[in-house]
Amino acid sequence: MGATLALKQSLVTFLDLSDLSRAVGFDPEQIEKIELRYGKTRARVSELFRVEPNSTGELALTGDLRLAINAGEGLLCGAMRVKSGVSHNAGRRMQGGRLYIEGDAGENACNQMQEGFVSISGNAGDNACRRMRRGVAVIGGFTGRSLGYEMLGGTLVSLGKIENPEGGGVYIGLDMDRGTIILPANTDAPPGFTRISDCDLVFLRLLFLSLRDAGVPIPQSAIGGVFTRWRGDALRLNKGELFIPQGAKQ
């Protein structure tokens with residue numbers, strides 16, 4: 001059974017959603033009793049949200065949640081869908097399950113992510129996927145100043161233009177140890193990475209098809225395209241890799 005939480009009134013301070021990560025799959029009556037940190041106090045879910053069952057099996061949150069922090073933090077299993085933008089730490093330390101953010105996410109999205117799947121349809125703030133270890137994260141819009149900093153593993157897919165909406169450059173894969181970052185076309189490969197080859201890899205097509213099946217808007221050109229592969233960073237041990245659609249800047 002799933003549950004839909006509809007925000008009753010506008011938030012006036014930060015609302016910590018981390019305690020909802022363990023509530024995926026709970027009955028609505030159980031969810032209503034959970035207490036969340038709201039500013040300097042705590043409030044029951046029933047005080048903040050109208051809780052109703054749904055048939056999707058997901059824990060869905062609706063309303064303007066741009067002041068919500070820690071959405072999906074530590075999520076173990078199941079699916080959480082936030083039909084709004086959120087503030088910082090979305091998907092931090094996730095250990096499994098699926099998190100869908102239908103809007104922007106603030107700083108530190110997917111920070112130290114251990115496993116699972118995250119889809120952010122809008123922009124992501126600074127330090128997205130920092131020290132990510134496993135799993136798949138997809139960012140549909142712009143990114144903050146740092147993307148994939150100190151990545152330890154996993155797969156990061158950036159579909160939007162690599163451009164900091166606040167101005168200035170974007171540091172991609174800085175001090176990246178392992179893992180894979182897939183970037184949009186016409187992206188400059190960052191310093192510390194060396195071009196290896198142009199390739200048409202089956203696993204990339206399968207990844208994009210699986211993302212499309214999961215509801216992520218993947219362009220057809222990516223599914224059937226040729227990518228340039230780059231290796232590097234983390235003191236030039238060359239264990240991190242980037243894939244950029246052919247035609248990217250040299």
Side-chain angles (χ1 to χ4, degrees), residues 56 58 72 75 77-83 90-91 94 96-105 109-110 113-124 128-130 132-144 146-149 151-163 170 172-173 176 178-190 193 195-233 239-250:
T56 66
E58 299 177 337
L75 185 66
C77 61
M80 177 183 289
R81 186 180 298 273
V82 184
K83 298 182 179 182
M94 270 183 62
R98 305 183 307 281
L99 174 65
Y100 301 89
I101 304 295
E102 297 183 358
D104 297 339
C110 306
M113 181 176 171
Q114 300 296 308
E115 189 59 271
F117 170 76
V118 176
S119 172
I120 300 169
S121 63
N123 303 333
C129 299
R130 180 174 182 177
M132 176 181 180
R133 186 173 294 276
R134 285 182 298 275
V136 177
V138 183
I139 300 171
F142 295 137
T143 58
S146 179
L147 182 67
Y149 177 44
M151 269 184 69
L152 301 171
T155 301
L156 166 57
V157 182
S158 178
L159 298 174
K161 186 177 180 182
I162 300 297
E163 179 177 304
V170 178
I172 303 170
M176 179 182 182
R178 296 176 185 270
T180 300
I181 300 178
I182 302 172
L183 299 168
N186 299 316
T187 302
D188 289 313
F193 285 81
R195 180 172 182 160
I196 301 300
S197 63
D198 293 332
C199 49
D200 181 5
L201 298 179
V202 172
F203 90 88
L204 284 178
R205 293 201 300 273
L206 293 176
L207 171 64
F208 286 134
L209 287 170
S210 67
L211 292 177
R212 176 177 283 184
D213 290 342
V216 178
I218 301 295
Q220 184 62 38
S221 58
I223 295 176
V226 175
F227 285 74
T228 301
R229 184 174 183 241
W230 304 74
R231 296 294 301 268
D233 219 358
K239 294 181 179 179
E241 63 179 359
L242 309 177
F243 289 96
I244 306 175
Q246 194 176 59
K249 297 177 182 179
Q250 302 288 318

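- With hydrogens and angles ignored, the 3.5 Å screen pairs no side-chain donor or acceptor of Arg178 with any backbone N or O of Leu152.
- A distance of 11.5 Å separates CZ of Arg133 from CE of Met151, quoted to the nearest 0.5 Å.
- For the pair Arg134 (side chain) and Met113 (backbone), a donor-acceptor distance under 3.5 Å is absent.
- Minimum heavy-atom separation, Tyr100 to Phe117: CE2-CE2, 3.7 Å.
- In this structure, the separation between CG on Asn123 and CG on Asp104 is 4.5 Å, given to the nearest 0.5 Å.
- Checked against ring pair (Phe, Tyr, Trp, His ring centres under 6.0 Å), Tyr149 has no partners two or more places apart in sequence or in another chain.
- Counting all heavy atoms, side chain and backbone alike, Gly148 lies closest to Ile181 at CA-CD1, 4.3 Å.
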Self-check item: Stepwise side-chain contact (heavy atoms from CB on, under 4.5 Å) test for Asp188 and Ile244
Solution: CA-CA 9 Å; Asp188 289 313; Ile244 306 175; over 6 Å; no
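- Between the side chain of Ser121 and the backbone N or O of Gly103, at least one donor-acceptor pair lies under 3.5 Å.
- Contact between Ser158 and Thr143 at its shortest, heavy atoms only, is OG-CG2, 4.3 Å.
- In plain terms, the two heavy atoms of Val118 and Met94 that are nearest each other are CG2-SD, 3.4 Å.
- Put simply, the side chain of Thr187 does not reach to within 4.5 Å of the side chain of Leu242, judged on heavy atoms.
- Side-chain contact check for Pro184 versus Pro245: every heavy-atom pair is 4.5 Å or farther apart.
- Under the side chain to side chain donor-acceptor pair (under 3.5 Å) criterion, Arg81 pairs with Glu58, Glu102, not counting sequence neighbours.
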Quiz item: Would Val216 and Val157 count as a side-chain contact (heavy atoms from CB on, under 4.5 Å) if you check the C-alpha gap in whole Å, the side-chain angles of each, and the deciding distance to 0.1 Å?
Solution: CA-CA 11 Å; Val216 178; Val157 182; over 6 Å; no
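- Glu241 contributes atom CD, which lies 14.0 Å from atom CH2 of Trp230 (distance to the nearest 0.5 angstrom).
- Atom SG of Cys77 is separated from atom CD of Glu115 by 13.0 Å, given to the nearest 0.5 angstrom.
- Here the shortest heavy-atom pairing between Leu99 and Ala90 reads CD2-C, 4.2 Å.
- The CD1 atom of Ile120 lies 11.5 Å from the CG atom of Leu159; values are rounded to the nearest 0.5 Å.
- Atom CG of Leu211 and atom CD1 of Ile182 lie 8.0 Å apart (nearest 0.5 Å).
- Identified under the salt bridge (charged side-chain N to carboxylate O under 4.0 Å, His left out) test for residues 206-216, with sequence neighbours left out: none.
- The aromatic rings of Phe227 and Phe208 lie parallel to each other, their planes meeting at an angle below 30°, with 60° marking the opposite boundary.
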